[in-house]
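All ligand and atom numbering here is 1-based and tracks the order in the structure. Just so you know, residue 1 is the first one in the sequence shown, and it goes up from there.
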Amino acid sequence: MNKVIVLAKRPVGKPSLNEFKFINEEIPAVNDGEVLLKTLYISVDPYLRGRMNDAKSYVPPFELNKPIQSGIVAEVTESKNPEFKKGDLVTGITGWKEYQTSTGKGLTKIDKNASSLSSYLGVLGMTGITAYMGLIEIARPKAGETIVVSGAAGAVGSVVGQIGKILGCHVVGIAGSDEKVELLKSKFGFDDAINYKTTPDLKATIKNACKNGVDIYFDNVGGDISDAVMSNLNKHARIPVCGAISMYNSTMVPMGPRIQPIIVTKSAMMQGFIVSDFYEKFPVAIKQLSAWLKEGKLKYTETIVEGFDNTPQAFLDLFEGKNEGKMVVKA
Ligand code: NAP
């Protein structure tokens, strides 16, 4: 039998395991033009929370009692599609299923000899590319500038900070534990890092860590953390708004300081983006990220959760900060 994870009901506020349901299906027959995929790795991502709401967005909401979808790495175990053969490894966005058929549309073949298959969901996948696009295409850092990144020890944030260092910037990360702060400084080469959960005056601590002010704020979290960074901006600061995980489970729109006066007086530029806005440039980003990895300039860490059945819990754990780097499930 083939296990499938569906959205059983829409969460209100913080999601829980009650919103997920496991069902059993027959492993589907493969029709002409199709392949059968065996799931090897599943990406769990904060943005999936938004797709659980019945709300219009840049991607349609998940349908109730239909499989959740996210990025996966899979093996082709049977092929009736001339583009693929048995044993090929692929990545793409598909359902949370142990096995599934595909016409091949949206699947990309990956190197069978790759040292890490899961990296195609992280540093060489959506989150690595997001870091690259937000920083390089939107913020356009110059050597000597100061970058602050929130969600710094996560999949996107850890890559943002390292690219900032490669480009000669002063980089300060904000993360939610002393272990993450240590990881940022020791493994990823951040100049400084701040534990937002234990720092009594975040605004003053950021000011102290950024002696020359903040030129770029790469925002992954929104909320109070972003408010504290915004008051330290320099003139002509750039703020790529990548995500706002602190608000994804809010049922009320949270209120913070009005930021428009800061944007005006600092001649700052704040720009939201979705990584797919830069789809044409993905190959450039992947080539550069791969080169930096090979040269040892870029490092990564992953939190790999074992077992397909643990996929919903791995997703929930993102909101508790239980991951360092990319959170991935090994099915
Ligand atoms: P991640 O950072 O690997 O994992 C989420 C992290 O968020 C957790 O480890 C936790 O770290 C932090 N967090 C959770 N709740 C928080 C809260 N209430 N306040 C502050 N921090 C909180 O996830 P990711 O995949 O790299 O994504 C990071 C952000 O980028 C998310 O907002 C995501 O939606 C966004 N994103 C956007 C795009 C795009 O195209 N725009 C693409 C990918 C991701 P701590 O322990 O530090 O709290």
Side-chain angles (χ1 to χ4, degrees), residues 13-15 42-53 57-59 70-71 93 118 121-123 125-135 137-139 148-163 172-184 188 190 193-199 202 217-229 239-250 254 256 270-279 281-282 285 300-305 314-329:
K14 199 170 169 182
I42 302 171
S43 175
V44 289
D45 300 274
Y47 83 94
L48 301 176
R49 174 65 186 86
R51 294 196 70 186
M52 293 176 175
N53 296 336
S57 187
Y58 63 98
V59 272
S70 69
I93 294 180
S118 49
L121 300 175
V123 67
M126 191 268 284
T127 54
I129 298 171
T130 301
Y132 179 98
M133 295 303 172
L135 192 63
E137 292 293 328
I138 296 178
V148 172
V149 51
S150 55
V156 175
S158 57
V159 177
V160 169
Q162 291 182 83
I163 298 177
V172 176
I174 303 176
S177 72
D178 289 345
E179 291 73 24
K180 290 185 181 187
V181 161
E182 186 49 35
L183 178 80
L184 292 174
F188 296 133
F190 283 49
I194 298 165
N195 179 349
Y196 71 90
K197 289 187 177 160
T198 55
T199 303
L202 192 53
Y217 171 43
F218 195 106
D219 189 1
N220 281 317
V221 305
D224 295 345
I225 295 172
S226 296
D227 294 341
V229 184
I239 305 125
V241 183
C242 177
I245 191 167
S246 73
M247 295 184 252
Y248 291 173
N249 295 328
S250 301
M270 191 167 186
Q271 184 180 329
F273 73 102
I274 299 294
V275 64
S276 53
D277 299 344
F278 297 96
Y279 187 70
K281 295 186 176 173
F282 279 20
Y300 67 97
T301 189
E302 295 170 330
T303 301
I304 300 196
V305 173
F315 165 71
L316 299 176
D317 284 348
L318 289 169
F319 296 91
E320 307 299 330
K322 293 204 176 151
N323 60 308
E324 285 183 348
K326 182 77 190 91
M327 181 82 104
V328 178
V329 176

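Annotation for ligand 1: atoms under 4.0 Å from non-hydrogen atoms of A155 are 1 (P), 2 (O), 3 (O), 26 (O). Near G176, the atoms of ligand 1 lying under 4.0 angstrom from a non-hydrogen atom of the residue are 45 (P), 46 (O), 47 (O). Of all atoms in ligand 1, numbered sequentially from 1 with element shown, those under 4.0 Å from a heavy atom of A244 are 32 (O). When each atom of ligand 1 is checked for a heavy atom of G243 under 4.0 Å away, the hits are 32 (O), 35 (C).
Within the 4.0 Å heavy-atom criterion, both parts of L318, backbone and side chain, lie near ligand 1. By the criterion of a heavy-atom distance under 4.0 Å, the side chain of I225, and not its backbone, is placed next to ligand 1.
Nearest protein neighbour of atom 31 (C) of ligand 1, counting heavy atoms only, is N220 O, 3.7 Å. Closest protein heavy atom to atom 4 (O) of ligand 1: N323 ND2, 3.2 Å. Atom 10 (C) of ligand 1 has as its closest protein heavy atom G321 CA, 3.5 Å. With respect to atom 21 (N) of ligand 1, the closest heavy atom belonging to the protein is Y196 OH, 3.3 Å. For atom 43 (C) of ligand 1, the closest heavy atom belonging to the protein is M126 SD, 3.5 Å. Of the protein's non-hydrogen atoms, the one nearest atom 33 (C) of ligand 1 is Y248 OH, 3.7 Å. The protein heavy atom nearest to atom 12 (C) of ligand 1 is I245 CG2, 4.2 Å. The protein heavy atom nearest to atom 18 (N) of ligand 1 is S246 CA, 3.4 Å.
Residue contacts with ligand 1 do not include G222, since none of its heavy atoms lies under 4.0 Å from the ligand. In this structure, K180 counts as a contact residue of ligand 1, since one of its heavy atoms falls inside 4.0 Å of the ligand. Heavy atoms of E324 come nearer than 4.0 angstrom to ligand 1 in no pair at all. Within the 4.0 Å heavy-atom shell around ligand 1 one does not find A153.
For A193, the side chain to side chain contact (heavy atoms under 4.5 Å, CB included) partners are V181, L184, K185, not counting sequence neighbours.
Checked against a 3.5 angstrom limit, the closest N/O atoms of F273 and ligand 1 fall inside it. Not one N or O of A175 is nearer than 3.5 Å to an N or O of ligand 1, by distance alone. Residue contacts with ligand 1: V221 is placed with no nitrogen or oxygen under 3.5 Å of a nitrogen or oxygen of the ligand (distance criterion only). Where the criterion is an N or O separation shorter than 3.5 Å, residue side chain and backbone included, C242 meets it with respect to ligand 1.
Using cut-offs of 30° and 60° on the angle between ring planes, the pair F273 and F218 is perpendicular.
E324 has no carboxylate O lying under 4.0 Å from a charged side-chain N of K180, or vice versa, which leaves the two without a salt bridge. K197 has no carboxylate O lying under 4.0 Å from a charged side-chain N of D178, or vice versa, which leaves the two without a salt bridge.
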Determine, stepwise, if the pair S150 / Y217 fulfils side chain to side chain donor-acceptor pair (under 3.5 Å). CA-CA 8 Å; S150 55; Y217 171 43; 2.9 Å; yes
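Distance alone, capped at 3.5 Å, places no donor-acceptor pair between the E320 side chain and the L316 backbone. With hydrogens and angles disregarded, no donor-acceptor distance shorter than 3.5 Å links the side chain of S158 to the backbone of G325.
The nearest pair of heavy atoms linking G256 to D227 is CA-OD2, 3.9 Å.
N220 pairs in a side chain to side chain contact (heavy atoms under 4.5 Å, CB included) with only one of the listed residues (I174, I245, V149), which is V149.
The heavy atom nearest to atom 42 (C) of ligand 1, out of those in L121, D45, T130, is found in T130.
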